[in-house]
**Student:** 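Pasting a structure here, questions to come.
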Amino acid sequence: MRGSGILSVGILAGMGLFAAMSLNSMQRQYADQIASNEREWEMRQIRELLNDTDYNNNVFDDLIYIDAQAPDAQLLGSDDSAYICRARLNDQSRAAVLQVTADNGYSGPIKLLVGIYADGRLAGVRIAAHKETPGLGDKIELKNSDWIRQFNGRSLTNPSAAEWTVKKDGGAFDQITGATVSPRAVVAAVKNALLYFDTHRDEIFARPADDTSPATDEST
């Protein structure tokens with residue numbers, strides 16, 4: 001009887017281990033698929049932000065990663081590394097697209113892609129990911145309204161620093177009726193991206209491209 005009991009415990013333990021390994025494998029597969037889908041979505045958004053006559057390099061290979069502990073990296077809003085892709089025309093720097101996170105959205109972090117020309121003007125802004133309220137906060141996304149287009153051509157001096165907020169707070173940017181928190185978070189994140197770019201412009205365009213993302217480098 002004792003031997004039979006030990007065998008049963010062993011079988012149960014084996015089944016539990018198998019189930020745990022299967023679940024872990026499925027989670028990894030789903031995580032990889034989600035990451036792949038997010039990356040593909042971001043690539044489409046970046047193509048929308050940049051005028052394809054303004055560059056002839058492969059912007060998706062011309063990437064650098066900004067570590068979360070790097071100077072001023074908090075302006076990009078991420079607890080992890082953030083990427084910046086560079087657009088060049090005949091090796092001349094034309095624009096950069098910064099991966100930015102607004103961590104104070106109404107329903108959580110809002111991930112942005114902020115395109116900035118080399119002269120500091122915004123090429124545009126796109127929402128890469130969010131969990132804002134459908135029908136209200138999700139109007140920050142281009143597929144739901146044109147609200148995000150109001151950033152086109154803006155810069156740190158247009159409007160003035162004091163006006164880089166929504167009109168409800170005395171600023172220059174429209175809010176969304178019934179959903180001020182989300183626009184307020186996006187406006188602040190875009191301004192911070194401009195501040196980071198303005199401070200690190202030379203470094204952004206001069207750094208050699210990174211071979212791999214710190215998050216995907218399995219050797220680390």
Side-chain angles (χ1 to χ4, degrees), residues 28-68 70 73 75-103 105 108-118 121-132 138-154 185-186 189-190 192-194 196-197 200-201 203-218:
R28 285 203 305 271
Q29 290 177 14
Y30 283 128
D32 290 346
Q33 186 61 52
I34 290 171
S36 176
N37 292 344
E38 288 180 348
R39 182 62 185 272
E40 183 62 32
W41 169 252
E42 290 182 5
M43 290 171 68
R44 290 203 300 270
Q45 300 288 292
I46 289 170
R47 289 191 185 96
E48 283 187 18
L49 282 173
L50 300 174
N51 187 336
D52 59 11
T53 61
D54 280 346
Y55 67 97
N56 54 12
N57 65 321
N58 186 340
V59 297
F60 304 111
D61 285 341
D62 199 348
L63 293 172
I64 59 173
Y65 292 88
I66 308 301
D67 186 88
L75 292 172
L76 302 179
S78 176
D79 293 332
D80 299 317
S81 63
Y83 71 75
I84 299 175
C85 64
R86 287 84 59 90
R88 308 177 198 269
L89 183 64
N90 300 329
D91 294 327
Q92 298 297 309
S93 302
R94 301 304 296 264
V97 179
L98 286 65
Q99 185 187 40
V100 177
T101 301
D103 62 1
I110 301 170
K111 295 183 178 180
L112 312 169
L113 295 170
V114 180
I116 307 175
Y117 292 120
R121 290 178 298 114
L122 282 166
V125 180
R126 293 291 184 274
I127 305 299
H130 71 89
K131 296 180 181 177
E132 299 306 286
D138 71 344
K139 291 181 179 177
I140 57 176
E141 196 171 354
L142 183 58
K143 70 178 183 180
N144 297 319
S145 83
D146 284 337
W147 180 84
I148 201 75
R149 292 189 189 278
Q150 66 184 309
F151 293 105
N152 295 1
R154 299 287 193 167
V186 172
V190 174
N192 283 340
L194 285 167
Y196 183 88
F197 181 83
H200 297 275
R201 185 193 324 248
E203 173 195 349
I204 287 172
F205 288 116
R207 258 183 60 177
D210 290 324
D211 292 333
T212 184
S213 163
T216 59
D217 184 356
E218 295 180 354

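Every value quoted in this text rests on a predicted model; they were computed, and no experiment measured them.
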**Student:** Looking at every non-hydrogen atom in both residues, tell me the closest pair between S93 and R88 and how far apart they are.
**Tutor:**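 Residues S93 and R88, closest heavy atoms: OG-NH1, 3.5 Å.
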**Student:** Heavy atoms only: give me the nearest S78-A68 pair and the separation to one decimal.
**Tutor:** O-CB, 3.9 Å
**Student:** Say you draw a straight line from CG of N56 to CD of Q92; how long is it, rounded to the nearest 0.5 Å?
**Tutor:**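 Rounded to the nearest 0.5 Å, the CG-CD separation comes out at 10.5 Å.
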**Student:** Using the test salt bridge (charged side-chain N to carboxylate O under 4.0 Å, His left out), find all partners of D146 that sit at least two apart in sequence or belong to another chain.
**Tutor:**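 D146: salt bridge (charged side-chain N to carboxylate O under 4.0 Å, His left out) contacts with R149.
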**Student:** According to ring pair (Phe, Tyr, Trp, His ring centres under 6.0 Å), who are the partners of H130, at least two apart in sequence or on a separate chain?
**Tutor:**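 Ring pair (Phe, Tyr, Trp, His ring centres under 6.0 Å) check on H130 returns nothing, list empty.
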**Student:** If you define the side chain from C-beta out and look only at heavy atoms, does anything of I66 sit under 4.5 Å from R207?
**Tutor:** yes
**Student:** So among E42, K111, E48, which one has a side-chain contact (heavy atoms from CB on, under 4.5 Å) with R126?
**Tutor:**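 The option that passes is E48.
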**Student:** Applying side-chain contact (heavy atoms from CB on, under 4.5 Å) to V114 and L194, what does each step give before you reach the verdict?
**Tutor:** CA-CA 9 Å; V114 180; L194 285 167; 5.6 Å; no
**Student:** Tell me every residue that passes ring pair (Phe, Tyr, Trp, His ring centres under 6.0 Å) with F151, counting only those two or more places apart in sequence or in another chain.
**Tutor:** W147, F173
**Student:** My understanding is that only one of D91, D54, D62, D210 makes a salt bridge (Lys or Arg N to Asp or Glu O under 4.0 Å) with R86; could you say which?
**Tutor:**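 It is D62, the one option of D91, D54, D62, D210 that forms the salt bridge (Lys or Arg N to Asp or Glu O under 4.0 Å) with R86.
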**Student:** One pair to check against side-chain contact (heavy atoms from CB on, under 4.5 Å): V190 and V100. What are the steps and the verdict?
**Tutor:** CA-CA 8 Å; V190 174; V100 177; over 6 Å; no
**Student:** So which heavy atom on I84 is nearest to which on A96, and how close?
**Tutor:**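 Where I84 meets A96 most closely, the heavy atoms are CG2-CB, 3.9 Å.
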**Student:** Pick out which of N57, L63, I64, L98 makes a side-chain contact (heavy atoms from CB on, under 4.5 Å) with C85.
**Tutor:**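 Per the side-chain contact (heavy atoms from CB on, under 4.5 Å) rule, the option paired with C85 is L63, out of N57, L63, I64, L98.
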**Student:** Does CG in N58 sit with more than 12 non-hydrogen atoms of other residues, nucleotides or ligands closer than 6.0 Å?
**Tutor:** yes
**Student:** Closest heavy-atom contact between A87 and L50?
**Tutor:** CB-CD1, 4.0 Å
**Student:** Between CG of N51 and OH of Y117, what distance do you get to the nearest 0.5 Å?
**Tutor:** 6.0 Å
**Student:** Where is the tightest heavy-atom contact between L75 and N192, given as atom of each residue plus distance?
**Tutor:**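 Where L75 meets N192 most closely, the heavy atoms are O-CB, 3.3 Å.
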**Student:** Is a side-chain N or O of Q99 found less than 3.5 angstrom from the main chain of A82, in a donor-acceptor match?
**Tutor:** no
**Student:** Is there a side-chain contact between I127 and I110 in this structure, where contact means two heavy atoms from C-beta onward sitting under 4.5 Å apart?
**Tutor:** yes
**Student:** Of the non-hydrogen atoms in L49 and L113, which two are nearest, and what is the gap between them?
**Tutor:** CD1-O, 3.8 Å
**Student:** Classify the side-chain pair T101/D103 by whether it contains a donor and acceptor separated by less than 3.5 Å.
**Tutor:** no
**Student:** Do the side chains of F60 and I46 get nearer than 4.5 Å, heavy atoms only?
**Tutor:**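 In short, these two side chains touch, coming nearer than 4.5 Å.
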